[in-house]
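The structure under discussion appears below in the form of structure tokens.
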Amino acid sequence: MTSKRKGNWTVEEDKNLCISWVMISEDGAVGINQRDTRFWDRVATQFRSNNRNTSRTIKSMANRMGTITKYCKCWNSAIQRAERNQPSGTNQMDVEHMAEQIYLSEIGEKGWTFGHCWWILKRCQKFHTVIIM
């Protein structure tokens with residue numbers, strides 16, 4: 001039996017997925033209370049408009065976004081705690097280093113690898129709503 005699983009996501013695919021997710025999430029004409037299936041149909045359409053040769057499925061996109069959200073949520077928490085515990089005389093680089101140490105102690109994995117997604121998501125209201133939930 002042949003696996004239908006595609007290869008690893010590239011940084012560009014991750015960015016495009018996050019941009020598509022934000023665009024659809026913040027579409028004022030539709031609002032944030034979209035049904036899940038309709039929401040992901042629209043995200044997939046937007047994603048494919050920028051990646052014409054992609055074979056990513058809606059399920060694959062939703063799963064990848066779930067992974068991105070999970071790790072960005074942990075990073076968000078680490079950043080907030082590092083900022084709260086920031087000693088005087090430290091700069092943003094020091095805060096990010098402290099956040100990475102917090103993140104690693106909680107996640108226990110290879111490190112923070114979704115910075116390219118964080119910069120896209122961090123100002124999105126729906127992302128922060130997902131974090132609170």
Side-chain angles (χ1 to χ4, degrees):
M1 179 176 210
T2 306
S3 172
K4 293 183 180 182
R5 187 177 188 279
K6 305 296 179 222
N8 292 336
W9 284 70
T10 66
V11 168
E12 288 307 311
E13 284 179 310
D14 281 348
K15 287 180 181 179
N16 184 24
L17 179 60
C18 290
I19 290 167
S20 299
W21 188 85
V22 168
M23 285 178 65
I24 301 307
S25 296
E26 296 185 342
D27 183 351
V30 177
I32 62 170
N33 295 320
Q34 302 174 58
R35 293 180 62 195
D36 194 49
T37 53
R38 180 67 183 130
F39 173 79
W40 282 106
D41 284 342
R42 294 183 71 223
V43 170
T45 299
Q46 181 62 42
F47 178 83
R48 290 179 182 132
S49 73
N50 295 324
N51 286 309
R52 300 211 183 274
N53 297 326
T54 190
S55 58
R56 302 287 183 192
T57 64
I58 291 174
K59 182 178 179 182
S60 173
M61 290 178 213
N63 287 340
R64 182 62 174 177
M65 197 65 208
T67 299
I68 290 168
T69 300
K70 173 187 170 186
Y71 289 104
C72 285
K73 177 173 63 171
C74 291
W75 179 252
N76 185 58
S77 173
I79 284 282
Q80 288 177 356
R81 284 190 291 173
E83 286 174 344
R84 280 194 306 270
N85 298 323
Q86 182 178 359
S88 121
T90 58
N91 60 29
Q92 187 60 33
M93 187 180 288
D94 296 331
V95 170
E96 289 177 13
H97 179 71
M98 288 186 294
E100 188 163 9
Q101 297 309 309
I102 294 168
Y103 178 88
L104 288 172
S105 71
E106 290 181 358
I107 298 299
E109 294 185 19
K110 59 187 172 195
W112 171 235
T113 58
F114 287 105
H116 58 283
C117 297
W118 170 250
W119 288 106
I120 296 166
L121 296 173
K122 72 178 190 172
R123 291 187 182 91
C124 174
Q125 183 60 43
K126 185 170 182 180
F127 176 72
H128 289 282
T129 303
V130 168
I131 288 174
I132 291 167
M133 297 168 93

4.5 Å side-chain heavy-atom contact, Thr113 and Tyr71: no

Residue set satisfying side chain to side chain donor-acceptor pair (under 3.5 Å) with Glu106, at least two apart, ordered chain then number -> Arg81

Heavy-atom nearest pair, Tyr103 first then Ala78, reads N-CB, 4.0 Å

Atom of Trp119, atom of Arg123 and distance for their closest heavy-atom approach: O-NH1, 4.5 Å

Does anything in residues 42-67 form a ring pair (Phe, Tyr, Trp, His ring centres under 6.0 Å)? List the pairs, not counting sequence neighbours. Trp9-Phe47

Candidates Asn76, Val22, Ile19 - the one meeting side-chain contact (heavy atoms from CB on, under 4.5 Å) with Leu121: Val22

Please list, chain by chain and in numerical order, all residues satisfying side-chain contact (heavy atoms from CB on, under 4.5 Å) with Asn91, sequence neighbours excluded. Met93, Asp94

Closest approach of Ala99 to Ala82 (non-hydrogen atoms, all atoms of both residues): N-CB, 3.7 Å

Would you give the length of the straight line joining atom CZ of Arg64 to atom NZ of Lys59, rounded to the nearest 0.5 angstrom? 16.0 Å

Sorted by chain and residue number, the side chain to side chain donor-acceptor pair (under 3.5 Å) partners of His97 (sequence neighbours excluded) come out as none

Please list, chain by chain and in numerical order, all residues satisfying side-chain contact (heavy atoms from CB on, under 4.5 Å) with Ala44, sequence neighbours excluded. Arg48, Ile58, Met61

Show which residues join Met98 in its hydrophobic cluster (side-chain heavy-atom contacts under 4.5 Å, direct or indirect), or state none. Val95

Checking Glu100 now: which residues fulfil salt bridge (Lys or Arg N to Asp or Glu O under 4.0 Å) with it, not counting sequence neighbours? none

According to a 4.5 Å side-chain heavy-atom criterion applied to Ile, Leu, Val, Met, Phe, Trp and Tyr, with indirect links allowed, do Val11 and Ile120 form part of one hydrophobic cluster? no

Using the rule that Ile, Leu, Val, Met, Phe, Trp and Tyr join whenever any side-chain heavy atoms are under 4.5 Å apart, tell me whether Ile102 and Phe114 fall into a single cluster. no

Restricting to side chain to side chain donor-acceptor pair (under 3.5 Å), what partner residues turn up for Asn50, sequence neighbours left out? Asn16

Across all chains, not counting sequence neighbours, the side-chain contact (heavy atoms from CB on, under 4.5 Å) partners of Ser49 are Gln46

Under a 4.5 Å cut-off applied to non-hydrogen side-chain atoms, are Met65 and Cys18 in contact? yes

Working to the nearest 0.5 Å, report the span between CD1 of Ile79 and CD of Gln92. 6.0 Å

Of all heavy-atom pairs between Ser25 and Trp21, which one has the smallest distance, and what is that distance? OG-O, 2.6 Å

Has the side chain of Ser77 got a donor or acceptor atom that lies under 3.5 Å from a matching backbone atom of Lys73? no

Partner set under side chain to side chain donor-acceptor pair (under 3.5 Å) for Thr90, not counting sequence neighbours: Gln86

